[in-house]
Amino acid sequence: MIRVLVPSGALGLNYDKAALQTALDMNPDVIAIDGGSTDSGPAYLGQGVSKYSRQSTKVEWAGLMQARAQLNVPLIIGSAGTCGSDSAVNWMLEITKEIAGELGQKLKIAVLRSQQKAPDLVAAYNEGRIQPLPHAPEIDAQTFAQCSNIVALAGAEQISAALNTGADIIIAGRTTDTAIISALPLMKNCHAGAAWHGAKIGECGALCATNPQSGVIIVDFDNHGFSVTPTAKSSSATPQTVSAHMLYENSDPYILHEPGGYLDVSNALYQALDERSVRVTGSKWVPQPPYTLKLEGARICGYQSVSFALLRERRYVNNASQWAADVKRKCAEKVIERLAVSTSEFDIQLRLIGHSASFGELETRKNHDSVELGILAIVTANTQQLANEIAKILNPYLLHHPLTKAEEQPTFAFPFSPAEIERGAIYEFCLNHVLVVEYPMQAFSLEVTTCG
Amino acid sequence: MAELGKIVKKVRSKNAGPFWLTIDIFCNSKSDYQHICSHLKTQQIAAVFSLDITTIKRFNIASLNVVKFSFPRPFVQGSIHDPDMHGASWAALLAEVEIDDLAGGN
């Protein structure tokens, strides 16, 4: 049997210290935690930075490094620094060394890098080794060099290679959420379907149980299935909470694609072991050659400047759509006239908060009364200078534009001075593709370093 | 008629990667689940989100009393017109869809 401790859904989300100690007392074989996701948008990958506070990351990681030292088992972080780029991996390595120095720990650290080089991907593209997933954006050979960062999602094989170095700590770049949990059970010949299914159930920590905030869970893997137990006193896993986790952030609740194949849980059986634990059997792993790696890439798609204003006067609130459309049209005309640019070089959005900012044209309740409306004005252009100029041309309209020519000039509320907030470069995800490789480590590098 | 959100336990939406959105409708009981299965049409989802119906994946999951829909995000995550990075607010739009109420379709 292999026992995996998952402290929480992501480093930076915190974990219950008492629940962590309870889990450590159960003598896990490995501690595995996810460090990232695409869920907060393309800027983190585009900039190669972490979403979470450095100090929160350090405090939580120090707690896990002490836990690891207590048991002398490997500690793995996957998708380090949110996006798993080389810069994010280096950031995590620097934090790790800093903590090791403060705690006086001597460590062997394996660093698995997932960052891809554009020329390698251009070659793969020209060889037909980059293939689109459903609803992928159009790409060409130039797309790769346009990205500031591209990562490939490592699977269990690459994490296994890192574990085989005998490292105390593994800092991995982008990985699938599941690979850091499934790797050791697969290396020890546990049931492959159970290894991947248990990893999927465990990847968000206690989100598969009744008290998601508590974080810590234990997943036990063997030759037939797996069982999951949250260790906080307030939390319990039930067949309902565990099976429902297959729905979460999955477009298909039965199938999960991973490097080398897919998990099929159509015939999985979820049984309560006791009041807190659930046993799962019947999950199936289906190997599917060729071996593929999912790619994520982000590139700059413009620069933004935003402003915020408020409408409170009843007549303006009630006619806000018409007012906003008029402001946008007049501003665009002046931009074209004064800056000698074409309509394709800029984009002006006025999102009416309290009216239709969530769903835009799809909103079905636009006619409900609001006390006031927020105007979130977003200017996007090809350069920051142009975005700033357009936002400044927009300002007099946001401040004074009347509904009709016949009325006295109104003045609207601005909470900030200066009125414009420079947002800098804006990134977009531009890959939803897989890379076909001949062997798992082809797109990755592994190095071992020591500290202390 | 009744709002979907008022006759089920929960309507939840979330990103399934940057390019897909997934919505889970959790029903209170087996009979409610069967009612939702037969009265909530995939065509309604297409209309609410302005989608080509052939892009929608539907899963009626009896073991969980859940009806799940997955489809390409209305805006790609983080693209300049995307209003919701995490995709969680879209559930509210579906929760307000009117369907025949549980008492029996009048």
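These values consider heavy atoms only, across backbone and side chains, with no hydrogens, waters or symmetry-generated copies. Order of the sequence lines fixes the chain letters, A, B, ..., with proteins taken first and strands second; residue numbering starts at 1 for each chain.
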Undergrad: Distance from A/S358 atom OG to B/W90 atom CH2, nearest 0.5 Å?
TA: 8.0 Å
Undergrad: Out of curiosity, B/N15 CG to A/S251 OG, how far, rounded to the nearest 0.5 Å?
TA: 11.5 Å
Undergrad: Which heavy-atom pair separates B/S89 from A/F359 by the least distance, and what is that distance?
TA: O-CZ, 3.2 Å
Undergrad: Looking at side-chain heavy atoms only, is the closest gap between A/P137 and B/V76 below 4.5 Å?
TA: no
Undergrad: In residues 46-54 of chain B, what donor-acceptor pairs under 3.5 Å come from side-chain atoms, sequence neighbours left out?
TA:
unit_1 : atom_1 : unit_2 : atom_2 : d
B/D52  : OD1    : B/T54  : N      : 2.9
B/D52  : OD1    : B/T54  : OG1    : 2.8
B/D52  : OD2    : B/T54  : OG1    : 3.0

Undergrad: With a 4.5 Å heavy-atom cut-off, do B/M85 and A/D39 have their side chains touching?
TA: no
Undergrad: Name the option with the most non-hydrogen atom pairs under 4.5 Å to chain B; the candidates are A/R365, A/Q304, A/E363.
TA: A/R365
Undergrad: What pair of heavy atoms forms the shortest contact from A/L431 to B/F19, and how long is it?
TA: O-CE1, 3.4 Å
Undergrad: Tell me, do A/H135 and B/T55 make a side-chain contact under 4.5 Å, heavy atoms counted?
TA: no
Undergrad: Quick check on B/N65 against chain A: is it the side chain, the backbone, both or neither that has a heavy atom closer than 4.5 Å?
TA: neither
Undergrad: What residue in A/E428, A/Q240, A/R351, A/E361 has the most heavy-atom pairs under 4.5 Å with chain B?
TA: A/R351
Undergrad: Count the heavy atoms belonging to other residues, nucleotides or ligands that lie under 6.0 Å from CD of A/Q213, then report whether that count exceeds 12.
TA: no
Undergrad: Under a 4.5 Å heavy-atom cut-off, does chain A meet the side chain of B/F59, its backbone, both or neither?
TA: side chain
Undergrad: Could you tell me whether B/K57 atom NZ has more than 12 heavy atoms of other residues or ligands within 6.0 Å of it?
TA: yes
Undergrad: What part of B/F26 gets within 4.5 angstrom of chain A, counting heavy atoms only: side chain, backbone, both, or neither?
TA: side chain
Undergrad: Which residues pass the salt bridge (charged side-chain N to carboxylate O under 4.0 Å, His left out) test with B/K68, sequence neighbours left out?
TA: B/D24
Undergrad: Quick one: of B/D84, B/L64, B/T22, who has the most non-hydrogen atom pairs under 4.5 Å with chain A?
TA: B/L64
Undergrad: How far does OG of A/S40 sit from CD of B/Q77, to the nearest 0.5 angstrom?
TA: 8.0 Å
Undergrad: Can you tell me if B/K30 has over 12 outside heavy atoms packed within less than 6.0 Å of its NZ?
TA: yes
Undergrad: Taking the side chain as every heavy atom from C-beta outward, state whether B/I61 and A/Y254 have any pair of such atoms under 4.5 Å apart.
TA: yes
Undergrad: Could you check if a side-chain atom of A/F429 sits within less than 4.5 angstrom of a side-chain atom of B/S79, using non-hydrogen atoms only?
TA: no
Undergrad: Below 4.5 Å, heavy atoms only, C-beta onward: do A/Y270 and B/S63 meet side chain to side chain?
TA: no
Undergrad: Are the side chains of A/C301 and B/I80 in contact, using a 4.5 Å heavy-atom criterion?
TA: yes
Undergrad: To the nearest 0.5 Å, how far apart are NZ in B/K14 and CG in A/N250?
TA: 11.5 Å
Undergrad: So which heavy atom on B/G78 is nearest to which on A/P42, and how close?
TA: CA-CD, 3.8 Å
Undergrad: Measuring heavy-atom distances to chain B, does A/A244 have an atom under 4.5 Å in its side chain, in its backbone, in both, or in neither?
TA: both
Undergrad: Looking only at heavy atoms and a cut-off of under 4.5 Å, which of A/L376, A/D347, A/L362, A/L247 has the most pairs with chain B?
TA: A/L247
Undergrad: Say whether, by atom type as modelled, one donor and one acceptor occur between the side chain of B/W20 and the main chain of A/P134 under 3.5 angstrom.
TA: yes
Undergrad: Which atoms of A/T380 come close to chain B, meaning under 4.5 Å heavy atom to heavy atom: side chain ones, backbone ones, both, or neither?
TA: side chain
